[in-house]
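Below, chains carry the letters A, B, ... as their sequence lines are ordered, and counting in each starts from 1.
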There are 2 protein chains.
Amino acid sequence: MASIKDVAKLAGVSVATVSRVLNNKGYVGVDTREKVENAIQTLNYKPNEVARSLFKKQSKTIGLLLPSIMNPFFPELSRAVEDVAADLGYNVILCNTDGNKEKEQRYLDMLLQKYVDGIIFTTTSLDPDMLQQLQIPIVCMDRKVSTNITTVVVNNKKGAQLATQFLLDKGCKRVAHIRGPENVYTAKERLEGYLDIVKNKEWFKESYIVNGQYGMEKAIEATLELLQTNPEIDGIFAANDTTAIGAMKAAHQIGLRIPEDISIIGFDGIALSKSTIPELTTVAQPIYEIGKKAASLLVQLIDGNSIQQNLFTLDVKLIERHST
Amino acid sequence: MASIKDVAKLAGVSVATVSRVLNNKGYVGVDTREKVENAIQTLNYKPNEVARSLFKKQSKTIGLLLPSIMNPFFPELSRAVEDVAADLGYNVILCNTDGNKEKEQRYLDMLLQKYVDGIIFTTTSLDPDMLQQLQIPIVCMDRKVSTNITTVVVNNKKGAQLATQFLLDKGCKRVAHIRGPENVYTAKERLEGYLDIVKNKEWFKESYIVNGQYGMEKAIEATLELLQTNPEIDGIFAANDTTAIGAMKAAHQIGLRIPEDISIIGFDGIALSKSTIPELTTVAQPIYEIGKKAASLLVQLIDGNSIQQNLFTLDVKLIERHST
DNA sequence: TTGAAAGCGGTACCAC
DNA sequence: GTGGTACCGCTTTCAA
């Protein structure tokens, strides 16, 4: 690969001059500029980004840490981040952490050593204080980590209220909730939203809440148990779409028709929710928008712009389909 | 961030010595080594990968080019690649090309400028000759691009035969095929496999083949048309799982029961295929294995090991579930 | 308007 | 065993 020296030699100028035309910075005579540009053309010269990074201490690269790209929530999010990044000339390094603290730390170290310009975290288990101390822009998504870190989330509680109320409005008499993992922020918020609506109903019982762990298999088990204990249930608010699909499978297994015998609503609005029969009614997050917003904010931070606001809460939207 | 000079100063040695202990290369006295290691500890020094890259002309980073991470086939593939890469100390840069030649070229240039050590392509539309000329290890997945490029694929034709024959064995009398896009390698191969089985059957008609373009919406349309024209059809081999789900939806729409009235089999074995009701019978590709193999091969190439064989064809496996 | 040269943070060759 | 130093490719003062 041709280097800046080759270009300089061919054009009969110094590397400094070449650098100037490359970066459109400083004075360059018109004819000199042309000579240099010709040389660049004929050599098909592309500046070496590594050398640039070394000098500038920035790499036009950002890191994206997420639990796993196989979790159906993250492909769209990643795509949004990558789209924005690519548009602005950044590359993104993908890191699957499995929510594992050691892996997060390891990736973080690697990224720092590579001088990435910024990092987007989803649901980190790393110490927020440590994160802030890092001399590098950081944006979090999906979960509030610290009020001092720029964060993009959705209104989970409101979404949960929406979902629960919707079921009631649709005529459901007994609405249950399949919650997500105990230690997960979004799961807690959604549970709260559900409780806001039902806790004062005379029919409400603690056993209307079971734990599906955000997973399909677990959700099937949980739903089976739920419906066995409480056969009167005619509506289920599942904490995410995967859980909802598990619930649908369980209902189907015991001969319940959806939505005739039981209504099911999910949360997230992942692509999967349009693939089921019947299609799943769900509280959709603006997934792409979240990723886009996070990436835009990160680049702003990288560019040295300060951001007035630290928390961005996007709105969810109930999409009615055929499972309710 | 501390640099090698800081370490050298603190340890009272030269940078050369520090470099030696860092890389475990060359002679270093035991006590000197200890002094250096202490200095590294106290400064929490981590070598700057950018500087290393500049000198070594390699970056411990690989590029992964795929159509879109939102296509449900790719998250698992990416995960496999990233797992192997991380294990071996590499980071992976994710690039969504949309199968667009210009984007592929643009990403390729960026990656080259960043001195990535190797690139994994899926289904590139770039010129194979150009690709080989690149002085960088390359591995292709999913589609054969050139016999001179290391490639990992599955036996699509055999899988298609398997699927078609399976439907026949299950008692289907008229088996149709919803093919993928005209210009896609895997779609062509799967169509061929289907034809191998049915072309000599007396009942076979050209109109038993419709195009679903590998997408759900298109597949619904195509299936509707197919079943309208040929109501006698009692088995469908869909070119991929997404198509199969579209077919299921279409069948459901016109009141056909699956599998009682019509059997449907897919191809790929993506996670989605386990989420439907009924669960989809499919010819599963060893998706994770493909990614793993490709990444391992790439690293071998990067390490300068030559690979005897250029084409690796992995086996598919029919997974019987409840749609047949 | 242009060029020489110092550095960015490492590695590796060559002396001692 | 250890240190001095040229060099990787580029940017940016500082002089001319």
- Task: Can you check each nucleotide of nucleotides 6-16 of chain D against protein heavy atoms at under 4.0 Å and return B for base, S for sugar-phosphate only, - for none, in 5' to 3' order?
- Result: -BBBSBBB---

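- Counting non-hydrogen atoms under 4.0 angstrom, S53(A) reaches nothing in the nucleic acid.
- One can place NZ of K9(B) at 20 Å from P of dT2(D), the figure rounded to the nearest angstrom.
- For the 3.5 Å distance criterion, the side chains of N24(B) and R33(B) qualify, holding a donor opposite an acceptor.
- Taking the screw axis at each terminus of the helix from dT1(C)-dA16(D) to dC16(C)-dG1(D) from five consecutive base pairs, the angle between the two is 50° to within rounding of 10 degrees.
- Side-chain contact between I93(A) and M110(A): absent, with no pair of heavy atoms (C-beta onward) separated by less than 4.5 Å.
- A donor-acceptor contact closer than 3.5 angstrom links the side chains of D109(A) and Q105(A).
- For K35(A) and dT2(C), the NZ to C1' distance is 11 Å, given to the nearest whole Å.
- Inter-residue side-chain proximity for Y107(B) and N91(A) is flagged as met; some heavy-atom pair is nearer than 4.5 Å.
- Salt-bridge annotation for R52(B) and E49(B): present, with a side-chain N of the basic residue lying under 4.0 Å from a carboxylate O of the acidic one.
- Distance, Y27(B) OH to dA15(C) P: 18 Å, rounded to whole Å.
- Test T97(A), D98(A), N96(A) against K103(A) for side-chain hydrogen bond (donor to acceptor under 3.5 Å, both in side chains) and you get one pass: D98(A).
- Between G63(B) and L111(B) the shortest heavy-atom distance is CA-CD1, 4.0 Å.
- Under 3.5 Å, the side chains of K114(A) and T61(A) contain no donor-acceptor pair of N or O atoms.
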